[in-house]
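To start, the structure itself, in structure tokens.
Each chain gets a letter, A, B and so on, in the order the sequences are listed, and its residues count up from 1.
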There are 2 protein chains.
Amino acid sequence: MVKSEMFHVKPIVATSSLRALAYDALKEAITNMNIYDQKDEVRLDERKLSLNLGVSRTPVREALTVLEQEGFVRFEARRGVFVIKKTKSEIVAMIQAWSALESMAARLACTRATDEQLACLREHFPEFYEGRPSDHMDEYSDANIRFHQKIISLGQCDVIRDITSNLLMHVRGIRNAALRQGDRAANSIREHVAIIEALEARDADLSERLVREHGLGLARHVEMYGDYLD
Amino acid sequence: MVKSEMFHVKPIVATSSLRALAYDALKEAITNMNIYDQKDEVRLDERKLSLNLGVSRTPVREALTVLEQEGFVRFEARRGVFVIKKTKSEIVAMIQAWSALESMAARLACTRATDEQLACLREHFPEFYEGRPSDHMDEYSDANIRFHQKIISLGQCDVIRDITSNLLMHVRGIRNAALRQGDRAANSIREHVAIIEALEARDADLSERLVREHGLGLARHVEMYGDYLD
DNA sequence: GACTGGTATTTGGTATGCCAACTTTCTCGA
DNA sequence: TCGAGAAAGTTGGCATACCAAATACCAGTC
């Protein structure tokens, strides 16, 4: 018997399927293009896509099927596949659902997160304590997104994490645009600080309320000033 | 020109795609089978399915792709498609996400729903005011599901409606099973009555809290007594 | 009889071809 | 010149063919 313990092979090749690769490529392309700049809806050509991706139509279609189910594209029989432009009211609805889930995550975090995990909120987001975010708006936009994702991860609920990660893809652009309107950034920072303090105090009711009101405030803002979406 | 206004044709033939038909058939089959009775995971054979459905593998695969994205099945390369059995902690996580969304729907309903719509809650669910639901458990289980769906529809948020409708498919069986354990049915009725009253009083904070606690109570119950799921 | 190695079969992944419906372009007559 | 209609070209939906990996089966050896 050969001493097989002496062979240390690589764990696994784990080469992803073409479908997964096509999905990643398409999703990145869709989220990176700013859909709301285009006047008309963007149409995707299955044959061109499979040509550009270097694979056949089959995995492309299966990837598009997933994207349809996630609300990114829409199939029209014998007309084409179109990238969906969300209406203002749809965006508002997504932000409301987001608020519901993030506020629940905050509630769960109050009992589940360790002190070390909660400390990450302050450590990783020092910019929340500085005065003028408008100078570094791009960085702050990213930090803003990360802050909300961090709260959700602290909730340690995979279902909430998965659902919100999808919603984020749709809302990311709008959230950042709204930050630049009016005096929202400064307000946003104050609210974030209050949320951190409530979490550190492990006050579930307060944390939940603050997160919810923060989110619903964004929803109201989009409702009022988001007419450019339609 | 023919006066086309005089013709009132049927809206559209709207013959669904085979993919949609396959999706409906598979989803119904999956939700109707009780997955948790089976010892092993159930494997689906693409070729047998397409044979039984009378279509080719292509639309079947596309339907399965959607079901995978919804968390009902799992593809294993060159091994098969398996119906997913959720673990207890996954069920708990889904109930928590559900509670977040339903409580937000209740909050929204307080400002959005008309008096007539709120009245439907009492009219359609008279059994909540009767004493012994255990005699008609099946009917009560259905009414229970309808009650929660009604609250969500009163919230008038399409995103919340869509997401919860998916969660419901996964949780339906467990919710009904939990009702039969211990004295939960009677408790459930009392809580439903309190929720109706809070909504009728248009007390958003109270409605939200009652709905959330009702849901999280179910989550705790499954957490404690749902060991049969694993 | 158990084990090894190879071979046949099964099965999901992918590529390709065909079709019907929709668009666009061309044609021809008023 | 213009428009109706036909023909040609697109395009997504579906079916089918083929491939590689995984499994099942079998023969041969010790």
Inset, instruction - Measure from CG on B:L21 to C1' on D:dC14 and round the result to the nearest Å. - result: 13 Å
Inset, instruction - On the 0 to 90° scale, with breaks at 30° and 60°, tag the A:H214-A:H148 ring pair as parallel, tilted or perpendicular. - result: parallel
Legend entry - Check: B:R57 side chain, C:dG13 base, donor-acceptor under 3.5 Å: yes
Legend entry - Spacing of A:R79 atom CZ relative to D:dG12 atom P, expressed in whole Å: 11 Å
Legend entry - Distance in angstrom units between B:L53 CG and D:dC14 C1', rounded: 14 Å
Inset, instruction - Identify whether the distance between the nearest side-chain nitrogen and carboxylate oxygen of B:K48 and B:E46 falls below 4.0 Å. - result: no
Legend entry - Lys/Arg N to Asp/Glu carboxylate O, B:R19 vs A:E68, below 4.0 Å: yes
Inset, instruction - To the nearest 0.5 angstrom, please state how far the OG1 atom of A:T164 sits from the CE atom of A:M104. - result: 13.0 Å
Legend entry - Selected nucleotide, minimal atom distance to B:V55 side chain, candidates D:dG13, C:dA15, D:dA15: D:dA15
Inset, instruction - Give a yes/no on whether any side-chain N or O of A:S56 is located under 4.0 angstrom from OP1 or OP2 of C:dA15. - result: yes
Inset, instruction - Using atom CZ of A:R78 as one end and atom C1' of D:dG13 as the other, report the distance to the nearest whole Å. - result: 6 Å
Inset, instruction - Could you check whether A:L64 gets within reach of a base, just the sugar-phosphate, or nothing at all, counting any heavy atom under 4.0 Å? - result: nothing
Legend entry - Whole-Å distance separating the CG atom of B:D45 from the C1' atom of C:dT10: 9 Å
Inset, instruction - Write down the distance between CZ (A:R19) and C1' (C:dT14), rounded to a whole number of angstrom. - result: 12 Å
Inset, instruction - Name the nucleic acid region contacted by B:E62, choosing base, sugar-phosphate or nothing; use a 4.0 angstrom heavy-atom cut-off, strictly under. - result: nothing
Legend entry - Lys/Arg-Asp/Glu bridge criterion (N-O < 4.0 Å) met for A:R161, A:E102: no
Inset, instruction - Measure the distance from CZ on B:F82 to P on D:dA22 and round it to the nearest whole Å. - result: 13 Å
Inset, instruction - Calculate the interatomic distance between B:L44 atom CG and C:dT10 atom P; express it in whole Å. - result: 19 Å
Inset, instruction - Please check the phosphate of D:dG12 (OP1 and OP2 only) for any side-chain N or O of A:R43 closer than 4.0 Å. - result: yes
Inset, instruction - Look at all strands and tell whether A:R47 reaches a base, only sugar-phosphate, or nothing, counting heavy atoms closer than 4.0 Å. - result: base
Inset, instruction - On DNA chain C, check which nucleotide each of A:T58 and B:A77 is closest to and give me the residue with the more 5' one. - result: B:A77
